[in-house]
Amino acid sequence: MDQRKGSGSDANGGLAEATASRLRFEDPDEVMEENPAAAAATVGAEEEGGEGGGGEEVIGSDKTSADYYFDSYSHFGIHEEMLKDVVRTKSYQNVITQNSFLFKDKIVLDVGAGTGILSLFCAKAGAKHVYAIECSQMADMAKEIVKTNGYSNVITVIKGKVEEIELPVPKVDVIISEWMGYFLLFENMLNTVLYARDKWLADGGVVLPDKASLHLTAIEDAEYKEDKIEFWNNVYGFDMRCIKKQAMMEPLVDTVDANQIVTNCQLLKTMDISKMTPGDASFTVPFKLVAERNDYIHALVAYFNVSFTKCHKMMGFSTGPRSKATHWKQTVLYLEDVLTICEGETITGSMTVTPNKKNPRDIDIKLYYALSGHRCQVSRTQHYKMR
């Protein structure tokens with residue numbers, strides 16, 4: 001994969017993206033407009049949940065995996081990467097500044113505030129008060145940032161876990177959060193946002209973003225698969241295929257070249273954050289990918305889109321390979337088989353996604369795929385673990 005910049009370790013040690021007549025995805029300086037029906041088919045973390053990184057383990061400590069997760073958000077580099085993700089940060093800024101009617105004179109809750117950037121945007125847009133909850137040590141920096149920028153009378157930074165703190169108000173009008181992780185759900189903060197929604201959101205209140213969708217496509221990736229997977233077949237004359245099996249089970253988070261895409265892109269799952277329950281993050285969905293040219297397929301690729309449907313015009317962004325790159329990149333699931341596919345032939349199958357039982361921030365993926373083509377007939381089930 002020519003444009004790859006990262007490696008599989010990104011996904012396993014660090015943190016690892018209506019009724020409106022037009023759907024606008026902010027890129028963020030250029031605008032892509034599509035028919036909503038087409039978008040639903042093909043288009044569709046931070047600061048506490050979208051800006052991950054691996055915390056250092058203390059020998060003999062009683063810390064849980066969740067503690068390490070929050071510790072990772074104490075590192076400045078993680079926040080720097082998120083803030084410099086222009087698609088992500090500018091999209092949120094545009095949603096807030098271009099839709100001030102959602103925020104003016106409203107009580108806002110920022111879940112996983114990190115540096116407080118979203119809270120600052122909300123305050124600048126006229127929010128009556130913003131409560132910024134941040135569990136990591138970055139909360140101390142956020143308080144100083146708020147003070148330095150003259151918003152101490154509007155923004156209150158609360159250090160602690162959402163599930164353990166109490167707000168000084170009974171209800172809020174708006175909940176905003178950048179909760180998404182790789183593959184949308186890896187090391188995400190979705191359950192925390194849902195908890196805050198159920199506890200504090202007033203009737204008629206708004207959750208931003210309110211829609212997220214997971215998508216799937218298939219790619220040719222012979223060179224990179226040879227380098228990263230087949231490498232273990234013969235290592236200086238030694239058979240290390242036992243490692244190859246493990247490598248196949250670890251999804252790769254990296255940037256995919258749009259030219260590698262062989263099939264259509266299909267919507268797998270849409271989540272309505274304003275209505276869903278935590279259990280909805282576990283699902284089994286079917287898929288059907290149709291080849292758009294004769295080629296080989298080495299991997300399936302997942303990505304997600306995020307939408308803000310309560311704006312004047314629907315806004316959002318995509319983390320797909322045909323969109324401007326984000327820090328979420330895409331998630332590559334290598335197949336054991338090399339599929340030889342002809343234009344018009346279909347790969348059918350299903351994907352099951354569940355939080356890991358030991359650590360709900362991790363993801364277990366079960367993939368079934370089948371191809372019955374002129375040159376290739378195959379049917380297989382594979383298991384993947386995002387750790």
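- Surrounding CZ of R380 are more than 12 heavy atoms belonging to other residues, nucleotides or ligands, all under 6.0 Å away.
- Inspection of the Y368 and S379 side chains reveals an N or O donor paired with an N or O acceptor under 3.5 Å.
- Between the side chain of E345 and the backbone N or O of G373 there is no donor-acceptor pair closer than 3.5 Å.
- E187 places no side-chain N or O within donor-acceptor distance of the main-chain N or O of R361, the cut-off being under 3.5 Å.
- Ring-plane geometry between F186 and Y182 is classed as parallel, the angle between the planes falling under 30 degrees on a 0 to 90 degree scale with a further cut at 60.
- Heavy atoms of other residues, nucleotides or ligands lying less than 6.0 angstrom from CD of E144 number 12 at most.
- A donor and an acceptor atom, one from each side chain of K366 and Q382, are nowhere located under 3.5 Å apart.
- When the shell of 6.0 Å around NZ of K171 is examined, it contains more than 12 heavy atoms from other residues, nucleotides or ligands.
- Looking at T192 and E163, their side chains do bring a donor and an acceptor atom within 3.5 Å of each other.
- Distance check: D362 CG to K385 NZ gives 10.0 Å after rounding to the nearest 0.5 Å.
- Under the 3.5 Å distance criterion, with hydrogens and angles disregarded, a donor-acceptor pair is assigned to the side chains of D337 and Y369.
- Classification of R241 and E230 as a salt-bridged pair fails, no side-chain N sitting under 4.0 Å from a carboxylate O.
- Between the side chain of Q330 and the backbone N or O of V301, no donor-acceptor pair lies under 3.5 Å.
- Under a cut-off of 6.0 angstrom, the local environment of NZ in K310 is sparse, with at most 12 non-hydrogen atoms contributed by other residues, nucleotides or ligands.
- Enclosure of atom NZ in K199 by more than 12 non-hydrogen atoms of other residues, nucleotides or ligands within 6.0 angstrom is indicated.
- Note: I155 CD1 to K147 NZ = 14.5 Å, rounded to the nearest 0.5 Å.
- Comment: E250 does not engage R387 in a salt bridge, judged by the lack of any side-chain N to carboxylate O separation of less than 4.0 angstrom.
- A donor-acceptor pair shorter than 3.5 Å cannot be found between the side chains of H383 and T381.
- Rounded to the nearest 0.5 Å, atoms CG (N259) and CZ (R322) are 9.0 Å apart.
- In this structure, OG on S119 lies 8.5 Å from CG on L109, to the nearest 0.5 angstrom.
- Summarising the geometry, atom CE belonging to M351 is positioned 8.0 Å from atom OH belonging to Y384; distances are rounded to the nearest 0.5 Å.
- Taking the six-membered ring where the residue is Trp, the centroids of F308 and Y92 are separated by under 6.0 Å.
- Evaluated for a side chain to side chain contact (heavy atoms under 4.5 Å, CB included) with M386, the options T331, V353, N356, L185 yield exactly one hit, T331.
- Checking D210 against T309 by side-chain atom types alone, a donor-acceptor pair falls below 3.5 Å.
- A ring-centre distance under 6.0 Å is found for F317 and W328.
- Judged by distance alone, the side chains of S91 and Q93 never bring a donor and an acceptor atom under 3.5 Å apart.
- Aromatic pair H312/F101: centroids less than 6.0 angstrom apart.
- For the atom pair CD of Q260 and NE2 of H298, the computed distance is 10.5 Å after rounding to the nearest 0.5 Å.
- For Y296, the OH atom sits in a loose shell: 12 or fewer heavy atoms of surrounding residues, nucleotides or ligands are nearer than 6.0 Å.
- Not a single side-chain hydrogen bond (donor to acceptor under 3.5 Å, both in side chains) links N191 to another residue, sequence neighbours left out.
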